Asks: 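Before we start, here is the structure in question, set down as structure tokens.
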Amino acid sequence: MNDLAVFWGCTIPARFPFIEKSTRLVLGDMGVRVRELEGHTCCPEGVLVKPSSERAFYTAAARNLAIVEKAGLDVVTPCNGCYSTFKEVSSHLITHWRERDAINDRLSAEDLRYDGRLKVTHFAEWLTDGIGTGVVASRITRPLWGLRIAVHHGCHLLRPQPAVRWDDPLHPRKVEELVTALGARVVDYPTRMQCCGGALDRMGERESSLAFARRKLTDVQREEADALVVVCPSCFQQFDLNQAALQRAKEDVNVPVLYLSELVALSMGHEPEELGLDMHRVSVEPFLEKWGDRQADRVRLEAFFDVSLLGRCYACQACKDDCPVCKVDPSFQPTEIVGDLVRGHLDDVIAGGGLWKCLECYTCQELCHSRIGMAGTFRKLKELAMSAGSGPDPVSAAYRQFLEAGVLGKPKESARRKLGLDPLPPTGGDAVARLLSNEPEEER
């Protein structure tokens, strides 16, 4: 059991205790004992405090960190604002040692001192870099298979550089990789890297703030994401509370919003009631219902396919443009058919008929770096289609002929004689027909 200090900040305990609950559960599941420390204040929030007094900003932040340092711990925070403040202050006071000494003179009145020895980590960073995405994935008992998740990082998880050095500040991928490891599909959308705009609300610019929320939520909804996952309580407030305000104004937005720890806790087997998900302003029931449906879809698919391979195949799509049929018939998109399977549309795929355009030439398999290919999937789909009576008439007719004659074609002896070829020996068609005469009636 590892001991860590968790800096909850102001917003989570005051407005979103369910985020605290799920975060504590995930920390516990990962073998962390949260050490409760007295004396913490606001981090402080930079936009509200720093313009008035940098001295107050650095002193208050250094004091919070000094409390953790005195306890001999490192600190994890689930708040982007607190993370950014602490990273910025740590970076600044390491290089500006005279200012650090001045602050420590003030902190000495409380028997505190900040030397910058502790490590400041965001909760998302702790999960991906500290624990490791693979380890988190190994704890998953209820994968988010088949769900489409949009990720919103929030500006202060990634910036400003160089104080924050965790992921690419413009093209981040670590949270996406974690969500993928939970079993979901990450959905891209145009405003993915746009600020949530929540700070405008605190400046009295309510309508501008809502415009930010509306734009991103509309984009996410347009991409048919099942939920938006965030890693910051302020961003959660913007997309949950303020989305509820948009809904009260009869605007057409309905995107369930989840904090990252809630998503992880759900996939680790914790129940929605335990996590307090009913305390969200925008209902997460559509997300949970979709999740339940997809679990049933997965069980059904597992009877016929290796579902994990299907997911890997659809996520890769490296062979998307290599299918020879696609080159002459763009309406045939085998990777999209695999995607429909992953989305649980097995019956539609079987009834659709498009699967019969696969020539089973195995080009996709030969080019696949994982040796998966799609030909085997299409072969199985054809079997299911025939069993369901959805096969093309020529295929059904050919099979009936094969059952009756044991062959699909007879030698043209007149043409062969013309070429001086001797007659072929009798075929074994009758024998095959007799052997297959006991096939179940539905297969005849």
Side-chain angles (χ1 to χ4, degrees), residues 1-17 19-20 23-24 27-28 30-127 129-130 154 156-157 159-166 202 231-234 261:
M1 185 73 74
N2 297 319
D3 287 8
L4 275 178
V6 178
F7 190 88
W8 300 105
C10 302
T11 306
I12 290 176
R15 310 195 71 167
F16 310 121
I19 292 180
E20 178 182 339
T23 303
R24 285 183 182 273
L27 288 165
M30 291 298 177
V32 169
R33 178 168 54 201
V34 177
R35 289 272 299 276
E36 310 293 348
L37 301 178
E38 293 184 1
H40 277 152
T41 65
C42 173
C43 59
E45 208 283 336
V47 175
L48 298 178
V49 175
K50 198 174 180 182
S52 299
S53 171
E54 286 197 355
R55 176 181 174 179
F57 173 75
Y58 285 116
T59 300
R63 179 184 173 278
N64 282 320
L65 293 174
I67 290 172
V68 181
E69 210 166 67
K70 186 176 183 179
L73 301 170
D74 290 324
V75 64
V76 171
T77 179
C79 173
N80 284 10
C82 301
Y83 178 66
S84 179
T85 292
F86 291 155
K87 296 295 278 189
E88 180 182 352
V89 169
S90 299
S91 176
H92 179 80
L93 295 184
I94 284 175
T95 54
H96 295 75
W97 59 271
R98 288 189 176 86
E99 189 172 350
R100 185 178 70 230
D101 286 348
I103 287 174
N104 280 331
D105 284 343
R106 290 192 287 274
L107 293 180
S108 63
E110 294 190 50
D111 192 25
L112 291 174
R113 178 179 179 80
Y114 172 66
D115 290 320
R117 297 191 305 271
L118 83 169
K119 183 177 181 181
V120 177
T121 308
H122 190 282
F123 177 70
E125 179 184 14
W126 176 79
L127 277 176
D129 288 2
H156 295 148
L157 176 68
R159 301 185 289 269
Q161 292 270 37
V164 177
R165 293 178 181 272
W166 174 56
R202 293 196 291 273
V231 292
C232 173
S234 293
S261 58

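What you see is a predicted model, and the numbers here were worked out from it, not measured in a lab.
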Asks: Would you find a donor on one side and an acceptor on the other, under 3.5 Å apart, between the side chain of R63 and the backbone of G39?
Replies: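 Side chain of R63 to backbone of G39, a donor-acceptor pair under 3.5 Å: yes, one is there.
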Asks: Is any side-chain heavy atom of L73 less than 4.5 Å from a side-chain heavy atom of L4?
Replies: no
Asks: Do N104 side-chain atoms and R113 backbone N/O form a donor-acceptor pair below 3.5 Å?
Replies: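 Not at all, since once roles are kept as given, no pair shorter than 3.5 Å links the two residues.
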Asks: Shortest non-hydrogen contact from A62 to V89?
Replies: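 Heavy-atom minimum between the residues: N-CG1, 4.3 Å.
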Asks: For G9 and C82, work out which heavy atoms get closest and say how close.
Replies: CA-SG, 3.7 Å
Asks: Are the ring centres of F86 and F7 closer than 6.0 Å?
Replies: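 Close enough - the centres of the two rings lie under 6.0 Å apart.
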Asks: Report yes if some heavy atom in the side chain of L65 is under 4.5 Å from a heavy atom in the side chain of V120; otherwise report no.
Replies: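 Yes - at least one pair of side-chain heavy atoms lies under 4.5 Å apart.
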Asks: Do the non-hydrogen side-chain atoms of Y58 and I103 ever get within less than 4.5 Å of each other?
Replies: yes
Asks: Would you check if H40 and V68 make a side-chain contact, meaning some heavy-atom pair closer than 4.5 Å?
Replies: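 Touching, per the 4.5 Å side-chain cut-off.
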Asks: Decide yes or no on salt bridge (charged side-chain N to carboxylate O under 4.0 Å, His left out) for E36 and R24, but give the supporting numbers first.
Replies: CA-CA 12 Å; E36 310 293 348; R24 285 183 182 273; 2.7 Å; yes
Asks: Determine yes or no for a side-chain-to-main-chain donor-acceptor pair under 3.5 angstrom, with N64 supplying the side chain and T41 the backbone.
Replies: yes
Asks: Sequence neighbours left out, what passes salt bridge (Lys or Arg N to Asp or Glu O under 4.0 Å) with D129? Give chain and number order.
Replies: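 Here the qualifying residues are K174.
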Asks: Just by distance, with hydrogens left out, do Y83 and T121 show a side-chain donor and acceptor under 3.5 Å apart?
Replies: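 Distance-only check fails for Y83 and T121.
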Asks: Could you tell me whether a side-chain N or O of R165 sits under 3.5 Å from a main-chain N or O of P162, the two making a donor and an acceptor?
Replies: yes
Asks: I'd like to know if the side chain of S108 and the backbone of D105 have a donor-acceptor N/O pair within less than 3.5 Å.
Replies: yes
Asks: Find the distance between CD1 (I12) and SG (C232) and round it off to the nearest 0.5 Å.
Replies: 8.0 Å
Asks: Under the 3.5 angstrom rule, does the side chain of H92 hit a backbone N or O of E88 as a donor-acceptor pair?
Replies: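 No, the answer is negative, given that no donor and acceptor are paired below the 3.5 Å cut-off.
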Asks: From E20 CD over to S261 OG, what is the distance, rounded to the nearest 0.5 angstrom?
Replies: 10.5 Å
Asks: Tell me whether S84 contacts the main-chain N or O of N80 through its side chain, where contact means a donor paired with an acceptor under 3.5 Å.
Replies: no
Asks: As a quick check of understanding, evaluate side chain to side chain contact (heavy atoms under 4.5 Å, CB included) for V164 and R159, giving each step before the final call.
Replies: CA-CA 6 Å; V164 177; R159 301 185 289 269; over 6 Å; no
Asks: With a 6.0 Å cut-off (strictly less than), is the heavy-atom count around CZ of R106, excluding the residue itself, greater than 12?
Replies: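 Enclosed: over 12 neighbouring heavy atoms sit under 6.0 Å from CZ of R106.
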Asks: For the CG atom of D115 and the CZ atom of R100, what is their distance to the nearest 0.5 Å?
Replies: 6.5 Å
Asks: Of the non-hydrogen atoms in P44 and A61, which two are nearest, and what is the gap between them?
Replies: CD-N, 3.6 Å
Asks: For residues K50 and E45, determine if any side-chain heavy atom of one lies less than 4.5 Å from a side-chain heavy atom of the other.
Replies: no
Asks: Yes or no on side chain to side chain contact (heavy atoms under 4.5 Å, CB included) for F16 and T11, after CA distance, side-chain angles and deciding distance?
Replies: CA-CA 7 Å; F16 310 121; T11 306; 3.6 Å; yes
Asks: Going by heavy atoms in the side chains, are P78 and V231 under 4.5 Å from each other?
Replies: no
Asks: Is V75 close to E69 at the side-chain level, that is, under 4.5 Å between some pair of heavy atoms?
Replies: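 Side chain of E69 against side chain of V75, heavy atoms only: no contact under 4.5 Å found.
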Asks: Hey, is the main chain of A5 close enough, under 3.5 Å, to the side chain of D74 for a donor-acceptor pair?
Replies: no
Asks: For the pair F57 and T85, evaluate side chain to side chain contact (heavy atoms under 4.5 Å, CB included) and give the outcome as yes or no after the intermediate values.
Replies: CA-CA 9 Å; F57 173 75; T85 292; 3.7 Å; yes
Asks: What's the spacing between L107 CG and E110 CD if we round to 0.5 Å?
Replies: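 It is 7.0 Å, given to the nearest 0.5 Å.
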Asks: Would you say that H122 contacts K87 through its side chain, given a criterion of any heavy-atom pair below 4.5 Å between the two side chains?
Replies: no
Asks: Can you give me the closest heavy-atom contact between S90 and Y114, atom names plus distance?
Replies: OG-OH, 3.1 Å
Asks: Which heavy-atom pair separates P51 from G46 by the least distance, and what is that distance?
Replies: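 Nearest pair, atom of P51 first, then G46: CD-O, 3.2 Å.
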